[in-house]
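The structure appears right after this line, and notes come after that.
Numbers restart at 1 for each chain; the letters A, B, ... are given by sequence-line order, proteins then strands.
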Protein chains: 4
Amino acid sequence: MPPTRRRGPDLTEAIMRTTVELGQELGYARLSIEAIAARAGVGKHTVYRRWPSKGALLLDSLLSVNGAALDYPDTGDVLADLRTQIHAIVELLGRAPLDSLFRAMIGEAQHDTGVAAALNERFIAPQARKTVVRLEKAREQGQLSPDFDLDLAMTILSGPLYFRLLITQEPLTPAYVDRVLKALFTGMRPRP
Amino acid sequence: MPPTRRRGPDLTEAIMRTTVELGQELGYARLSIEAIAARAGVGKHTVYRRWPSKGALLLDSLLSVNGAALDYPDTGDVLADLRTQIHAIVELLGRAPLDSLFRAMIGEAQHDTGVAAALNERFIAPQARKTVVRLEKAREQGQLSPDFDLDLAMTILSGPLYFRLLITQEPLTPAYVDRVLKALFTGMRPRP
Amino acid sequence: MPPTRRRGPDLTEAIMRTTVELGQELGYARLSIEAIAARAGVGKHTVYRRWPSKGALLLDSLLSVNGAALDYPDTGDVLADLRTQIHAIVELLGRAPLDSLFRAMIGEAQHDTGVAAALNERFIAPQARKTVVRLEKAREQGQLSPDFDLDLAMTILSGPLYFRLLITQEPLTPAYVDRVLKALFTGMRPRP
Amino acid sequence: MPPTRRRGPDLTEAIMRTTVELGQELGYARLSIEAIAARAGVGKHTVYRRWPSKGALLLDSLLSVNGAALDYPDTGDVLADLRTQIHAIVELLGRAPLDSLFRAMIGEAQHDTGVAAALNERFIAPQARKTVVRLEKAREQGQLSPDFDLDLAMTILSGPLYFRLLITQEPLTPAYVDRVLKALFTGMRPRP
DNA sequence: TAGTAATCGAGACGGTACGTCAAGTCTTGTC
DNA sequence: GACAAGACTTGACGTACCGTCTCGATTACTA
């Protein structure tokens, strides 16, 4: 007798794990719901009941399997804290073996409204919010010029990173991150 | 009697026009080489002889149909010239009806190496080069701090733009562009 | 509050009624146990507990909803009685709206042994028996040649009817029935 | 190098052979276009391009693989010729291994208009016509009563046969055929 | 000017996956 | 314990495109 039939949350978990696993083996283009279901030992319907598309499934899988924490440290030194945090993100999005899946998922967001929305709500926006909150605290402590636009700062921090990741597709080195950080802080520091 | 059978360059042109046209009607996801060939009144072979994939065809089509010019003006005022140029790019990538196809094509580059390479070589790198060249000229004329990293400047200029375009997918307003420009120049200007 | 939950025989009845009803709406091919259960407001289990297959359910439903009577009259005139009886059968099997379901059920019997057996035991054989009994009585009364094979007579009476119903699928007109009857009686009458 | 790719008629033939073969192995209910295509080494589309449904395919397959001849002999003796012909039909429809497929196909005709029409046009009607033609000749030669309805005779000949085949599903013995024939001829013979 | 090679349209072909449907089994919680 | 509800695996459905491959026209170049 096989173990009692699996249900609900167990299955959801198992399918997401399989998705990431198989995605790494095959690459996004050759990844199919058909294959995921087969590998997970699950009917296709069981997948479709939970996710409307390959993109949505991959998004969920990546975030749930890995996107857990990424919370800002607060050591009192903004620059150091930002660097720590960005390095963590780079580690997640820009390093093998998950980088290509993350890139593919963002690619999917370009022609799948649902994926785009979920990506923003569940990953991008929260990260952005944390960054801004950390910057606000620094400003209150006089570490930043009081009239600098912090939303813009967040954008200038993130933009170049994603530019490298998605557009030029050069490796995201710590050095690059540091150069961006330094340039930004030069502009943000309170003038004497 | 049908018009004499078309060949070579004519066909290439016609197929690319059809691609953009049909891409706008159907969206990238539902666009297929099958449909393009049918609409263009062309055998599938004729398409495959010219392009290896849907992504490559779309890239070619978008760049050939539209990406022609985008050359930097030189009025002597760097800031104004950059603004002009960036507005032109935003107009191209961020405005209906082509924005969604451009976004889809960049999305495709995330899991198609060939598209990624071509996108860089034929669009991104040339633009970047032009930007850097224009900045260099400005620096020679003392408009910029002599120790600022111009490659980095280019990245900080482009990054937030693509971040908005691809990640948060908010509209690319002139105001946003100007805020980025202003922040960057605050950091780049020679200190008194 | 819904009416108190139904049980046993009530349910059996309700399911069979729904089957015939839905069968008429959708046709046999698109009829499904899934849909019947849903329409009857019943769990699938409750259906499967009672019938092993769609065919078996339909057979039961048709016979129970309608196949009740069909008993031979006995007016003393064999020919008239046979005609009456056959017309009743034709009315049942060959007229809208149940004809197509009856035909489909007989069709099902062609690849479902259980349906075939049940169809014979519960409908065909009893009818045949009644016919033969009526003929025997007529023979005893000297209305038929004493050496005619009455089983064969029954077959010659039924066969052409089902041939029209199932094979040529032309309408079963009273005229046709009468022609068969007349021809048969010409052969069955005692020779002078 | 594999042999040059198969086309058109070759494939049609191969698919029909596979259909009959697989139909015998699995039975009609478990026969699927999916399996046929796989076994024949053919894409599903290649099957659907040729036939609209499993029933239509099976009909074609059975008739093409086997239903070739079945032409009436003419020895001058009507009764003998009819017997010969009917025995041939019984051999085809009523004997393993094809009987169950033939029955299933006729079953399918009960809820598939297309199959019903094709079955009639391509098998039933031609056979009926041949029978009537043979009977007409016999009547011209004075072997039959001049006022007997020959269409009806055909029906009385065929009906009982299909009745046994489809309804009671008893074996179609030569003895049964002969009893029907004898009864019919008793009615058809010219009275002295 | 004829012959030959390339190019074309059309679309058949073997595949792969799609997203849907229903089958029949099993689980959960309610009555 | 019977029930409604519905999750689950399985398997097939019929469709859409993929990229490759004939097949005969044209069409252009070569001899």
Problem - Distance-only side-chain donor-acceptor flag, A:Gln110 / B:Tyr28, under 3.5 Å - result: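 Distance-only check fails for A:Gln110 and B:Tyr28.
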Problem - Per C:His45 side chain, nearest of listed nucleotides E:dC13, E:dA17, E:dC26 - result: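 That would be E:dC26.
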Is the phosphate of [N] approached by [X] (side-chain N or O, under 4.0 Å from OP1 or OP2)?
X       : N      : value
D:Arg50 : E:dC13 : yes
B:Arg30 : F:dT15 : no
A:Arg49 : F:dA7  : yes

In whole Å, what is the span from the [atom1] atom of [X] to the [atom2] atom of [N]?
X       : N      : atom1 : atom2 : value
A:Asp10 : E:dT28 : CG    : P     : 11 Å
C:Ile15 : F:dC3  : CD1   : C1'   : 11 Å
D:Lys54 : F:dG11 : NZ    : C1'   : 13 Å
A:Trp51 : E:dC18 : CH2   : C1'   : 18 Å
C:Ile36 : E:dG24 : CD1   : P     : 11 Å

Problem - Earlier contact from the 5' end, DNA chain E, for C:Glu34 and A:Ser53 - result: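 Nearest nucleotide further toward 5': that of A:Ser53.
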Problem - Given DNA chain E, 5'-ward residue of the pair A:Ala35 and C:Ile33, judged by closest heavy atom - result: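 On the 5' side of the pair lies A:Ala35.
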Practice task
Please figure out whether D:Pro52 or B:Lys44 has its closest DNA chain F nucleotide nearer the 5' end.
Solution key: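 Per heavy-atom nearest nucleotide, the more 5' residue is D:Pro52.
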Handout entry: Residue mapping more 5' on DNA chain F - nearest nucleotide basis, D:Leu31 or B:Tyr48
Key =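 The residue closer to the strand's 5' end, by nearest nucleotide, is D:Leu31.
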Problem - B:Trp51 vs B:Ile33, side-chain contact (heavy atoms from CB on, under 4.5 Å): CA-CA, chis, key distance, verdict - result: CA-CA 10 Å; B:Trp51 295 277; B:Ile33 291 188; over 6 Å; no
Practice task
Mind checking C:Thr46 for me? I need base, sugar-phosphate or nothing, with any heavy atom below 4.0 Å counting as a touch.
Solution key: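 Sugar-phosphate, no base atom in range.
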Handout entry: Inter-residue atom distance C:Ile15.CD1 - C:Leu22.CG, 0.5 Å rounding
Key =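 Between atom CD1 of C:Ile15 and atom CG of C:Leu22 there are 12.5 Å.
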Handout entry: A:Lys44 (side chain) donor-acceptor with A:Ala37 (main chain) under 3.5 angstrom
Key =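 Judged by distance alone, no pair lies under 3.5 Å.
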Handout entry: Exceeds 12 heavy-atom contacts within 6.0 angstrom, atom CZ of A:Arg49
Key =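 Buried by this count: over 12 neighbours within 6.0 Å.
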